[in-house]
Each structure stands twice: as C-alpha cells, then as structure tokens.
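Have a look at the structure below before the remarks.
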Amino acid sequence: MERQDGLRSVGSHDRAIPDALAACFRQGWANTGLKLPPLPGAAYAAKRRAAVSERFPNERIVIPSGGLKARSNDFDYTFRPHSAFIHLTAEQGTQAVPDSVLVFEPTGTGHSVTLFTRPRSPRDGGPNGTEFYRDRQYGEFWVGRRRTLSETADAFGIEAAARGELERALGADVPTRVLRGEDASVDALVPPAPGPEAELRTFLSELRLVKDEWEIEQLRTAVESTVAGFHDVAGELRHATGLARGERWIEGTFNRRARLDGYGLGFETIAAAGAHACVLHWMRNDGPVRDGDLLLLDAGVEADSFYTGDVTRTLPVSGRFTDVQRRVYDLVFAAQSAGIAALRPGARFSDFHNAAIRVIVEGLDSWGLRPGGTELAHDSTLYGRYTVCGTGHMLGLDCHDCASARNENYVNGTLEAGHVLTVEPGLYFQPDDLTVPEELRGIGVRIEDDFLITDDGSVCLSSGLPRSADEVEAWMASLR
Ligand code: GLY
Ligand code: MN
C-alpha cells in the first residue's frame, strides 16, 4: 500500500491504493504528446525578456510565477501567475502552471533563459509516478494535463527544465536578483538583496507602462467582453429587483460573462445599489436592487491573456434618473468629459485628474455646498470629502497596473502613446453626511472608461457603452 498520510495533496477521505492497482495504473497508456504552436504573444514576450537582459548584464534574474494559495483545507484558489511572469512569458489562463520560475542566467554576452516548471505528470512509475492519479493539486486526473517539457519549450520559445532542477541551477555563486515574495521556496534559495531587488521590481513594473500592439489587442478584447458583461447586466436589472439579494444576481450575471469570454474577473465585481454606491469598493454585494435607486457597477473581464478591462456605469434601476440623481450624474459626466479632453501624449498624468476635479469643485460650489460648515475656512480641497479617490490609473495585466513604477514615470510623469488608463471621476454623498442636503444623501455616481493614448490624443476602448444620462436612459428603455 502507498502512504495516505502526511501529504496535503491526498485527502484523508481518499481510499488506499492496493499494489495491484498501482501496477495497473503504470501501464496501458497511449502516447499523447503534442506539437504545440508558439503562444500567440510569445514573440512580444521575447522582446521584453531582451529588455530585462540588457538592463541587468552579468546578473542572474529570477522571476517566479507564484504558486497555489490554500482557500480552505485541501482546496485552493484558482491559480493566477504574477503579472511580471505573465509579461515575460505570454502565459495564458487555463494553461498556467503553479510554481514555475523564469531564470535569466548571465552568459558573458547576454543571458540564457530557462523556464523551470512542473512538467506533465509522468506515467512511468518513476519519481512522481503516482502524481497523475493521486495528487489532487497537481495530478493530471485531478486538475488536467500540463505541457511536457518539450511542449513547454515549443509553446514559449524558451528552454524548459523541471522545477526540481531549480535548486541546482541557482547554486553557482552569481549576483542574483529575485522578484521576492512570490515563492517562499525560491526566496529561501537566494540571500535577499533589498535594494537591487526593489530596483528589479520597479524596472519590471515600468516595462509595462507602454503597451505593445499585442497588449493593446488583448486590452481591446478584455474591454469588449467587459462591455458585453454590462449589456448582460442591463438586461437582467428588472429580474434583480425581485430578489432579496439582487446585487448578487448582478455580480453573477457579470461573472458568467467573465468566465465565458475570458479567464475570469480582473478584480472582484462591485455591484452597489442605493447607498452602497457610496462605498468605493462595495464587494459584499448582499443588498437588494430597488426601483428608484441607482446601481453602480464597477467590473472588468480578465481575458485569457490576463489583461483586464475596468469599467463603471451608474444606472437608474427604474430606467429614468430622478431630478436629483440626474443632477449628480450630469456633474460627474461633465467631469469625466473634461478629464477625457485632457488625454494626449505629452500631457502630465495629473492633468486629466485636475481637469475633472476642477469641474466637480466648480459644480459643487455652484450648488452652495460647504463641506467645512462654519468650522473650517472654505477651501476647494474640502470637496475631496465627496469624491475621495484619484480619477484614474494605468490598466493592463493588473487593474491598477504598473503599481511599482516610480512617481516620476507615473503619477508625476507624462502620458505617452501606448499608455492605457482609466478615467473615473465620482461623487459619493454618504447617507449620514450632514454637510449635504438630505436629497443628496445616499447617492453615489461613478463613470469609468478605458483609454488608449495615441500619437495625437486618445481612443476610448469602452465606447460600446452609453455614457451620458440621455444615452443611458435610452439604453434602459430599449431593453424593456
Ligand atoms: N475598479 C476598481 C478600481 O479601479 O479601484
Ligand atoms: Mn478603476
């Protein structure tokens, strides 16, 4: 009998395997090797690897994909590799292999790059020979087939080796930078180098700022699916009003589109009806969707290539905005329009935020709102109480992309052709905010679209969705 205990990957409820059955499992399998074409983004990933190689000559660079994370007991969350690993390999959703590690080994004239990975479960009875039928985390009969090493090399255009070889490969004494914090067993093999490793993280993040043509195509695909998800939801709004937890119906409707078209969600869906819209990241989604309320939906489909959309619409559940809802909506719309008009190469990243905020401040001022009451001197920054967060962010493999880029190249930097970003002003009047008239309390509005900076301006990738209040109402009416 084989051991049942001590292995997380074998459940306590799994039955023992008699020796005869183990012998039976070892034989009688057809050869089902594949000749895989290169991954669609492989040539672009090769250029990015060349940039890494050029930036860090004579150093070893180690980029782990990360591994499985336990959800509970022996069930794991769906695996998603680290975005830097995806960017440098062009790995695709359902094929991604946990615990892979990309290693750039200096050769004197550049680097040789090897992808250490878990190959297809062997069937030959050697080491790991029972994995395919016994291992619920990695076994082919449990979670599906992985590529063999030669299939991996063909798909990525990178030399492939078994993950078990990694320790030996990292053994020689070479200056090494690891993308640390993604794989504890890799981190343990290399002494930390905090400064150089922070520099690596920054470089990899900034390498993602300007998207190449393949990435732009992926983002277009992700945003198209996101737009389709919003149309799905609009078609289900009436149904959601009849349910105790209508927000969950909205979430589920969007999630169905995300799984159908892509790998899944780029971030947890925010389905916020009524005053929940005043909670910026309302992801509990356990409330009702009532006639007369607004529904704020902030959601994104992550494509199979892991690029994601990020769009927000605020819809009147009844189909028509009330006067006060429309007043708030129109101001956010005007702010977004001003932000969009500020998008062009050479503009500062802060320009679109400042343009949008100026419109919001002037609008709120004209309404006579005084957030500081009589206690504080009137000051336009106090309107931040109602708008709270920044007006947009870079978008790509991560919803909040390029998060480790230096300020001078991102928030204090300049827009360039190939940047992709969101413009998403909002107004959020908390239900208990005594500084605003009662009619405004509990109203939250955000409008968010995704933009590609071009040589002479910008294009909206999410233009397949109605944006103005009139367009939104016409859209709702067309669904009745
Ligand atoms: N869509 C969520 C966010 O941008 O924070
Ligand atoms: Mn966003």
For this session: Would you sort out whether F429 and Y386 count as a ring-ring contact (aromatic ring centres under 6.0 Å, His included), showing the intermediate values?
Result: CA-CA 6 Å; F429 298 112; Y386 311 129; 5.2 Å; yes
Exercise. Can the ring centres of F56 and F104 be said to be less than 6.0 Å apart?
Worked result: no
Exercise. Does the pair D298/R313 count as a salt bridge with the N-to-O cut at 4.0 Å?
Worked result: no
Exercise. Hey, is E182 close enough to R201 for a salt bridge, meaning N to O under 4.0 Å?
Worked result: yes
Problem set entry | Lys/Arg-Asp/Glu bridge criterion (N-O < 4.0 Å) met for D456, R344 | no
Exercise. Side-chain donor-acceptor pair under 3.5 Å between Y44 and E213, yes or no?
Worked result: yes
Problem set entry | Positive for side chain to side chain contact (heavy atoms under 4.5 Å, CB included) with Y410, one of H393, H419, E206 | H393
For this session: Applying ring-ring contact (aromatic ring centres under 6.0 Å, His included), run through H87 and F306 and close with a yes or a no.
Result: CA-CA 9 Å; H87 196 232; F306 298 108; over 10 Å; no
Exercise. Are R118 and S121 close enough that a side-chain donor and a side-chain acceptor fall under 3.5 Å?
Worked result: no
Problem set entry | E302/R259 ion pair, N-O < 4.0 Å | no
For this session: Considering non-hydrogen atoms only, spot the tightest contact between A273 and E247 and give its length.
Result: N-OE2, 2.9 Å
Exercise. Can you name the closest pair of heavy atoms from T226 and V301 and give their distance?
Worked result: OG1-N, 2.9 Å
